[in-house]
Amino acid sequence: MLFRSGNRHLLYGDDKLPFKDISRSVKLKWTFKAERIKHNNVQRLSYKGGATKVQLKRNGSILWLVVSKEKKRGYTWYLLDLPKCKTAKAAVETVVKGYGLRWKIEEVHRQIKSDYQLESICLQRYEA
């Protein structure tokens, strides 16, 4: 496991640094707006994001550490292998787009469960 206790370091340039230090040094340069529907209400969200290149080990793959922060909320980190992303902005945009798609999928699941009343279906016994 990557981030077990005592092993939370990444290679940042030529240095092996704690994940926390690297993530705090990432400048949140870009702002992204998003909307989501929750309980039939449209919520407008604002995120700031930034990214930097890191490695897990010497001569390992170059990864993007993407850091985002939602207004009035905490930070979120993504450690990704995005070989097609050549810039930090492209890495952040890829994460924002991917997260938006994930949210739409969650909404579809919620709607299907509601339409077919799947929450009320419960197996009481294995044989059922």
Side-chain angles (χ1 to χ4, degrees):
M1 183 187 330
L2 171 62
F3 293 121
R4 66 182 175 268
S5 181
N7 190 22
R8 295 186 175 107
H9 291 76
L10 295 169
L11 294 173
Y12 183 61
D14 292 330
D15 300 321
K16 184 176 182 180
L17 297 172
F19 166 81
K20 187 188 256 185
D21 292 353
I22 299 169
S23 67
R24 287 181 178 170
S25 72
V26 173
K27 302 281 189 267
L28 304 180
K29 297 179 183 179
W30 302 285
T31 301
F32 296 90
K33 304 284 184 193
E35 290 182 348
R36 71 177 175 205
I37 299 171
K38 190 170 185 180
H39 305 296
N40 295 324
N41 294 320
V42 175
Q43 294 181 330
R44 287 180 177 70
L45 307 171
S46 178
Y47 295 93
K48 292 188 83 56
T52 192
K53 291 180 180 180
V54 296
Q55 290 178 287
L56 292 176
K57 59 183 179 180
R58 300 233 183 265
N59 301 320
S61 297
I62 301 294
L63 304 173
W64 283 104
L65 174 62
V66 178
V67 180
S68 70
K69 183 174 186 332
E70 185 180 347
K71 193 172 185 178
K72 298 182 181 179
R73 304 208 66 186
Y75 288 85
T76 304
W77 304 271
Y78 305 90
L79 190 58
L80 305 144
D81 182 11
L82 299 171
K84 292 183 181 178
C85 291
K86 303 300 180 199
T87 66
K89 186 174 184 180
V92 175
E93 287 172 344
T94 299
V95 167
V96 169
K97 182 179 178 184
Y99 192 79
L101 294 173
R102 178 189 170 273
W103 187 258
K104 287 180 182 181
I105 291 167
E106 293 293 332
E107 283 297 305
V108 168
H109 288 157
R110 185 190 61 77
Q111 189 64 46
I112 290 170
K113 287 165 72 174
S114 174
D115 290 349
Y116 291 101
Q117 300 174 354
L118 295 178
E119 291 293 328
S120 65
I121 298 173
C122 182
L123 297 176
Q124 300 297 321
R125 299 183 325 269
Y126 177 74
E127 296 83 22

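Note that the structure is a prediction, hence the values are computed from the model and not measured. The residues of the chain are indexed from 1 along the displayed sequence. Computed over heavy atoms, backbone and side chain alike; hydrogens, waters and symmetry mates excluded.
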Item to complete: Rounded to the nearest 0.5 Å, what's the gap from CG on D115 to CZ on R110? Could you check?
Response: 9.0 Å
Worksheet item: To the nearest 0.5 Å, what is the distance between CD1 (I22) and OH (Y12)?
Response: 7.5 Å
Worksheet item: Would a 4.5 Å heavy-atom cut-off, applied to side chains only, mark Y75 and L28 as touching?
Response: yes
Do you reckon [X] sits in the same ILVMFWY cluster as [Y], going by side-chain contacts under 4.5 Å, direct or chained?
| X | Y | result |
| --- | --- | --- |
| Y99 | W30 | yes |
| L82 | Y78 | yes |
| V26 | W77 | yes |

Below 3.5 Å, can you tabulate the donor-acceptor pairs from side chains in residues 62-72 to any protein atom, sequence neighbours excluded?
from: W64; atom 1: NE1; to: C85; atom 2: O; distance (Å): 3.3
from: K69; atom 1: NZ; to: R73; atom 2: O; distance (Å): 2.4

Discussion item. Heavy-atom count check: over 12 atoms from other residues, nucleotides or ligands less than 6.0 Å from Q43 CD?
Written reply: yes
Under 3.5 Å, side-chain donor or acceptor atoms of residues 44-58 against the rest of the protein: list the pairs with distances, not counting sequence neighbours.
from: R44; atom 1: NE; to: E35; atom 2: OE2; distance (Å): 3.4
from: K48; atom 1: NZ; to: T31; atom 2: OG1; distance (Å): 3.2
from: Q55; atom 1: NE2; to: G60; atom 2: O; distance (Å): 2.7
from: R58; atom 1: NH2; to: D14; atom 2: O; distance (Å): 3.3

